[in-house]
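Here is the structure we will look at.
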Amino acid sequence: MTSTDARTEPSAVLADTVPLTARERLAELAHIRAEARDPGGASAVEAQHLRGKLTVRERVDALLDPGTFHEIQPLRRHRASGFGLEHKRPYTDGVITGWGTVHGRRIFVYAHDFRVFGGSLGEAHAAKIHKVMDLAEAAGCPLVGLCDGAGARIQEGVTALAGYGGIFRRTVRASGVVPQISVVLGPCAGGAAYAPALTDFVFMVRDTAQMFVTGPDVVEAVSGARVSAEELGGAAVHTGRSGVAALAYDDELSCLEDVRHLLSYLPSNNRELPPSLTADDPVDRLNEPLLDLVPDSPNQSYDVLRVIEELADDGEFFEVYPTWAANVVCGLARLGGRPVGFVADQPSVLAGALDIPAAEKAARFVRFCDAFNIPLVTLVDVPGFLPGVDQEHGGIIRHGAKLLYAYCDATVPRIQVIMRKAYGGAYIVMDSLAVGADLSYAWPGNEIAVMGAEGAANVIFRKEIAVSDHPEETRAVRVAEYRRELTHPYYAAERGLVDDVIDPRDTRRVLIESLDTLRAKYSETPSRKHGNQPT
């Protein structure tokens with residue numbers, strides 16, 4: 001039986017003079033279900049594999065715990081007529097939807113089937129996605145979209161575009177309510193590109209996944225520039241330049257495994273706390289390596305990832321956006337078995353200075369953690385905002401304000417640790433007590449000031465240094481004086497700007513004990529429709 005067999009058409013069934021028996025009905029249903037599971041047959045599967053891609057059901061099986069997928073509306077078909085569609089009405093209409101579990105916790109999923117109309121979206125296709133999105137929000141469960149489609153189905157006209165509108169509206173409504181993750185495994189063009197962009201995290205697979213609003217042909221027609229789909233919107237572009245995607249992978253299985261891993265850190269919805277695990281890593285484990293990982297000289301670089309891994313349970317850290325705005329590090333770890341979001345300056349890139357992309361990256365991550373009750377730990381070693389005409393003209397004030405807004409607005413437990421230096425406005429922005437951090441700790445070598453001692457002395461004593469017979473000696477004396485009086489390690493503690501100066505080796509224990517104390521934190525916020533975040 002095929003999808004066009006008269007037996008499966010309602011009009012033909014009504015015309016039958018001999019009703020089917022119950023067993024015949026079940027046999028017919030089994031045949032239809034088999035057709036729905038394998039549209040196009042073995043040749044379509046082979047074609048998908050030749051593209052280096054899994055089939056839609058192989059992807060769902062890799063994402064979910066074995067045997068847990070419950071499909072809904074597998075027999076849905078489009079009702080469009082004309083332009084050749086009236087003779088081609090495959091079941092599923094190019095998308096499979098339903099729910100299952102990941103690590104035993106329920107999630108909802110939709111997955112485009114490139115074998116059916118190239119995974120393009122039509123009216124019925126969109127309605128299935130709307131249905132599963134509504135169910136995810138109602139059930140309070142995460143939603144994962146596996147994207148591999150050619151955009152709006154041209155033959156269905158404006159109804160296809162309206163279908164995207166329904167997806168966008170539901171994505172925004174569920175934002176901050178349930179975690180939403182998009183996995184781009186093939187083409188994602190035009191309006192389809194905005195569906196992943198609205199979600200919390202976007203994963204991509206190298207070489208096979210692309211996202212763009214206008215494709216290479218349109219770009220060439222308008223601008224004359226010739227560019228491949230990969231160069232225009234491949235995984236390297238979106239993880240390294242645009243910041244649209246959080247992570248990229250060489251193959252689909254490792255990508256989907258990391259989606260499962262990310263979900264293990266997240267609550268099912270904004271009314272729950274993140275899932276805790278029993279920690280084998282001792283809470284009071286001393287962080288002896290921290291004495292050597294962070295150099296004494298404020299101008300010497302190091303990799304802050306090693307600091308985070310030393311603090312985290314079993315050294316496990318799930319970093320997001322590692323190749324975009326690498327001068328700030330964002331990611332999830334566990335402390336004492338409980339998930340926590342880390343935001344850290346990265347001295348090995350741009351000396352850890354904040355610039356436009358870094359501010360945007362950190363602000364979005366802070367807001368995500370706040371939405372889903374994930375405490376924040378901010379590791380500070382920042383020389384300030386990156387100076388330059390490009391930064392100022394590009395709107396560093398506006399973009400830096402996004403990070404400031406995100407921290408000020410966050411109500412989850414927030415702890416700041418000043419590892420070495422914290423200069424200027426960047427010190428304030430990196431979750432200082434002044435903007436609402438619950439607790440601030442500093443290591444003994446910290447320097448907190450408007451600027452470094454050398455720069456400050458050059459400004460304050462500029463005239464004295466200029467007329468001195470020995471300007472370098474005079475400068476050195478004044479630098480030492482400024483450092484002694486205003487940037488010594490206990491200056492901020494004496495004035496209550498940090499809560500304590502701690503032994504770096506005790507950092508893990510102090511963080512875990514502090515977060516445990518703040519676990520039931522409650523923050524009353526003003527009644528309002530919503531704030532007006534800088535854009």
Side-chain angles (χ1 to χ4, degrees), residues 40 44 47-48 50-53 56 78 80-88 93-95 111-126 129 145-169 171-172 182-199 202-246 248 323-324 356-357 360 390 393-395 535:
Q48 185 78 345
L50 287 174
R51 298 185 188 101
K53 301 194 292 186
V56 64
H78 72 77
S81 60
F83 302 104
L85 291 185
E86 67 273 18
H87 302 301
K88 189 175 183 182
D93 201 48
V95 64
H112 300 138
D113 190 345
F114 194 80
R115 298 171 299 173
V116 177
F117 301 131
S120 62
L121 181 139
E123 180 188 26
H125 182 120
I129 297 176
L146 306 182
C147 306
D148 185 9
R153 194 173 299 165
I154 299 172
Q155 296 94 326
E156 295 197 34
V158 72
T159 56
L161 298 179
Y164 275 123
I167 293 173
F168 301 158
R169 178 169 58 86
T171 303
V172 172
S182 297
V183 188
V184 181
L185 301 164
C188 195
Y194 285 108
L198 288 169
T199 59
V202 177
F203 290 65
M204 295 185 73
V205 173
R206 297 181 182 95
D207 300 326
T208 58
Q210 298 92 34
M211 295 175 66
F212 37 71
V213 176
T214 54
D217 293 340
V218 177
V219 170
E220 183 177 0
V222 173
S223 67
R226 300 186 107 186
V227 62
S228 69
E230 189 67 21
E231 292 168 331
L232 183 62
V237 172
H238 290 307
T239 55
R241 298 185 65 180
S242 73
V244 171
T323 57
W324 178 59
I356 291 171
E360 290 187 328
D390 289 344
H393 290 185
T535 59

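Keep in mind that the numbers below use all heavy atoms, side chains included, and drop hydrogens, waters and symmetry copies. FYI, the numbering just counts along the sequence from 1.
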Mind checking what makes side chain to side chain contact (heavy atoms under 4.5 Å, CB included) contact with [X], not counting sequence neighbours?
X: Ala111; value: Val56, Val60, Ile96, Leu146
X: Phe168; value: Tyr164, Tyr194, Ala195, Leu198
X: Thr323; value: Thr239
X: Ala44; value: Arg115

Which atom names give the shortest non-hydrogen contact between [X] and [Y], and what distance separates them?
X: Trp324; Y: Arg241; result: NE1-O, 3.5 Å
X: Ala126; Y: Leu121; result: CB-CD2, 3.8 Å
X: Ala209; Y: Val184; result: CB-O, 3.2 Å
X: Pro196; Y: Met211; result: CB-CE, 4.0 Å
X: Pro187; Y: Lys53; result: CD-NZ, 4.1 Å

Qualifying residues under side chain to side chain donor-acceptor pair (under 3.5 Å), relative to [X], sequence neighbours excluded:
X: Arg169; answer: none
X: Ser182; answer: Thr199
X: Ser242; answer: His238

Listed by chain and number, what are the salt bridge (charged side-chain N to carboxylate O under 4.0 Å, His left out) partners of [X], not counting sequence neighbours?
X: Asp93; value: Arg153
X: Glu231; value: none
X: Arg206; value: Asp250

Which pairs with one or both residues in residues 208-222 pass salt bridge (Lys or Arg N to Asp or Glu O under 4.0 Å), sequence neighbours excluded? Glu220-Arg226
Looking at CG of Asp148 and CD of Gln48, how far apart are the two atoms once the value is rounded to the nearest 0.5 Å? 5.5 Å
Distance, nearest 0.5 Å, that separates SG of Cys147 from CZ of Phe114: 13.5 Å
Ring pair (Phe, Tyr, Trp, His ring centres under 6.0 Å) partners of His125, counting only residues at least two apart: His112
